[in-house]
Amino acid sequence: MITIRNLTKRFGKLPVLKGLDLEIPAGSVTSIVGPNGAGKTTLVKCLLGLTRPNTGEIDVLGHRLNGDWSYRKHIGYMPQQAHFPENLTGSEIIRMIADIRGASVDEREPLIGDLGLESELDKPFQTLSGGTRQKISAVVAFLFRPQLLILDEPTAGLDPVASSVLKDRILEERAAGRTVILTSHIMTEVEELSDRIVFLLDGRVRFEGEVAALKEETGQPQLERAVARLLSHLKGDQVLDIVGTKDRVVAA
């Protein structure tokens, strides 16, 4: 589904991604985690074509990223904070995005009802609360049944009910064979939703594999503590062999 080879990105003299290699399988939920400044946002921007890497190759949905942005019509993206024209209503935003994508809108999209948006879609975006803005952003991301969903801190600002609705929808998309890339600082959320985890540190992939494998090797029953143990090992410049041949932590 997604293959990344020797990806590097610098901002001026500051290296952010440092020879990153990564494969994300189709039909799975893969969470990209790591401390602030690890390179998560830059990696997502590279996948979306919003940032050009300095070197390396990226293949997304069978397309080599080379300046042709047509592949993005197969992607649903939910940013951490939604930015749409403030004077438009939710309904107008949805129609605008549909026009840009050249796609029809399914007005029966279940998220609209499940998230309680029926009475909010005719209000200007500027009048909506942060949580309602996030709900509209979620609807836009899922609306076109994309092959790939990239969700950046998707439950940030959502109440518990809306958060549960969105999590259920993510699992439904995975069951339908779609691929989901998730970034989150909430490890309970990552553990609940993810098949695989990619841990970034200092612009490099330090762990790539199944969540269960990381927990087993670190001896921690919870992902949050497993990640903390992993980070402490990496800071100590140690190498952990994770269960199986595909799962491995690599120290700097």
Side-chain angles (χ1 to χ4, degrees), residues 1-5 21-33 40 43-49 57-65 68-79 94 97-98 100-115 134-155 158 162-184 186 188-199 205 207-215 223 244-247:
M1 173 59 69
I2 297 174
T3 303
I4 299 171
R5 305 178 189 87
D21 293 306
L22 179 63
E23 290 190 3
I24 296 177
S28 64
V29 178
T30 298
S31 285
I32 300 175
V33 302
K40 302 186 298 295
L43 174 58
V44 167
K45 287 183 176 180
C46 287
L47 292 174
L48 292 168
E57 298 176 346
I58 305 176
D59 291 290
V60 178
L61 303 172
H63 296 264
R64 174 67 52 84
L65 271 59
D68 176 8
W69 311 125
S70 61
Y71 75 98
R72 289 193 291 196
K73 66 184 178 182
H74 303 295
I75 297 177
Y77 174 50
M78 183 180 176
I94 291 172
I97 299 298
I100 292 172
R101 295 181 70 126
S104 60
V105 175
D106 184 358
E107 296 181 356
R108 298 168 298 175
E109 165 55 49
L111 270 182
I112 293 175
D114 293 344
L115 292 173
Q134 279 298 88
K135 293 176 184 180
I136 291 176
S137 181
V139 169
V140 169
F142 287 85
L143 187 62
F144 305 100
R145 303 296 188 272
Q147 294 175 255
L148 172 63
L149 285 153
I150 299 178
L151 311 175
D152 188 2
E153 302 281 352
T155 62
L158 295 183
S163 177
S164 296
V165 167
L166 187 55
K167 290 176 183 179
D168 288 343
R169 181 59 181 273
I170 291 170
L171 295 176
E172 289 173 9
E173 295 298 315
R174 180 187 65 181
R178 297 185 177 93
T179 304
V180 181
I181 296 176
L182 176 73
T183 70
S184 178
I186 306 173
T188 54
E189 178 175 281
V190 171
E191 187 168 10
E192 180 180 358
L193 297 174
S194 305
D195 303 298
R196 296 174 61 82
I197 184 172
V198 174
F199 184 82
V205 175
F207 173 77
E208 176 187 359
E210 295 182 358
V211 173
L214 179 57
K215 292 196 297 182
L223 180 61
T245 58
K246 294 184 179 179
D247 306 316

Test log, rule side-chain contact (heavy atoms from CB on, under 4.5 Å), inputs Arg145 and Glu109: CA-CA 10 Å; Arg145 303 296 188 272; Glu109 165 55 49; 2.7 Å; yes

Spacing of [X] atom [atom1] and [Y] atom [atom2] [to the nearest 0.5 Å]:
{"X": "Leu166", "Y": "Leu115", "atom1": "CG", "atom2": "CG", "answer": "7.0 Å"}
{"X": "Met78", "Y": "Asp152", "atom1": "CE", "atom2": "CG", "answer": "9.5 Å"}
{"X": "Ile24", "Y": "Thr179", "atom1": "CD1", "atom2": "OG1", "answer": "9.0 Å"}
{"X": "Leu223", "Y": "Glu192", "atom1": "CG", "atom2": "CD", "answer": "12.0 Å"}
{"X": "Tyr77", "Y": "Leu151", "atom1": "OH", "atom2": "CG", "answer": "10.0 Å"}
{"X": "Leu182", "Y": "Leu193", "atom1": "CG", "atom2": "CG", "answer": "6.0 Å"}

Taking C-beta and beyond as the side chain, do [X] and [Y] meet within less than 4.5 Å on heavy atoms?
{"X": "Asp195", "Y": "Thr30", "answer": "no"}
{"X": "Ile75", "Y": "Pro146", "answer": "no"}
{"X": "Arg196", "Y": "Val211", "answer": "no"}
{"X": "Thr155", "Y": "Ile186", "answer": "yes"}
{"X": "Phe142", "Y": "Ile170", "answer": "yes"}
{"X": "Ile2", "Y": "Leu148", "answer": "yes"}

[X] and [Y]: which non-hydrogen atoms are nearest, and at how many Å?
{"X": "Val33", "Y": "Lys40", "answer": "C-CD, 3.6 Å"}
{"X": "Lys135", "Y": "Leu158", "answer": "CG-CD2, 3.9 Å"}
{"X": "Leu48", "Y": "Tyr71", "answer": "C-OH, 3.2 Å"}
{"X": "Pro110", "Y": "Arg169", "answer": "CG-NH1, 3.9 Å"}
{"X": "Ser70", "Y": "His74", "answer": "O-CD2, 4.5 Å"}
{"X": "Leu111", "Y": "Ala138", "answer": "CD1-O, 4.0 Å"}

Practice problem: Could you walk me through whether Ile4 and Leu47 pass side-chain contact (heavy atoms from CB on, under 4.5 Å), step by step? | Solution: CA-CA 9 Å; Ile4 299 171; Leu47 292 174; 4.0 Å; yes

Between [X] and [Y], is there a donor-acceptor pair closer than 3.5 Å when you use the side chain of the first and the backbone of the second?
{"X": "Arg64", "Y": "Glu57", "value": "no"}
{"X": "Glu210", "Y": "Ala212", "value": "no"}
{"X": "Ser31", "Y": "Thr183", "value": "no"}

I'd like to know whether NZ of Lys167 has more than 12 heavy-atom contacts from other residues, nucleotides or ligands below 6.0 angstrom.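 Atom NZ in Lys167 is packed in, count exceeds 12.
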
Other residues, nucleotides, ligands: >12 heavy atoms within 6.0 Å of Glu153 CD =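 Result for CD/Glu153: enclosed.
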
Report task. Could you walk me through whether Glu172 and Arg178 pass salt bridge (charged side-chain N to carboxylate O under 4.0 Å, His left out), step by step? Result -> CA-CA 9 Å; Glu172 289 173 9; Arg178 297 185 177 93; over 6 Å; no

(message) Checking Arg5 against Asp21 for the salt bridge (charged side-chain N to carboxylate O under 4.0 Å, His left out) test, could you report, in this order, the C-alpha distance in whole Å, the side-chain angles of both residues, the deciding distance, and whether it holds?
(response) CA-CA 5 Å; Arg5 305 178 189 87; Asp21 293 306; over 6 Å; no

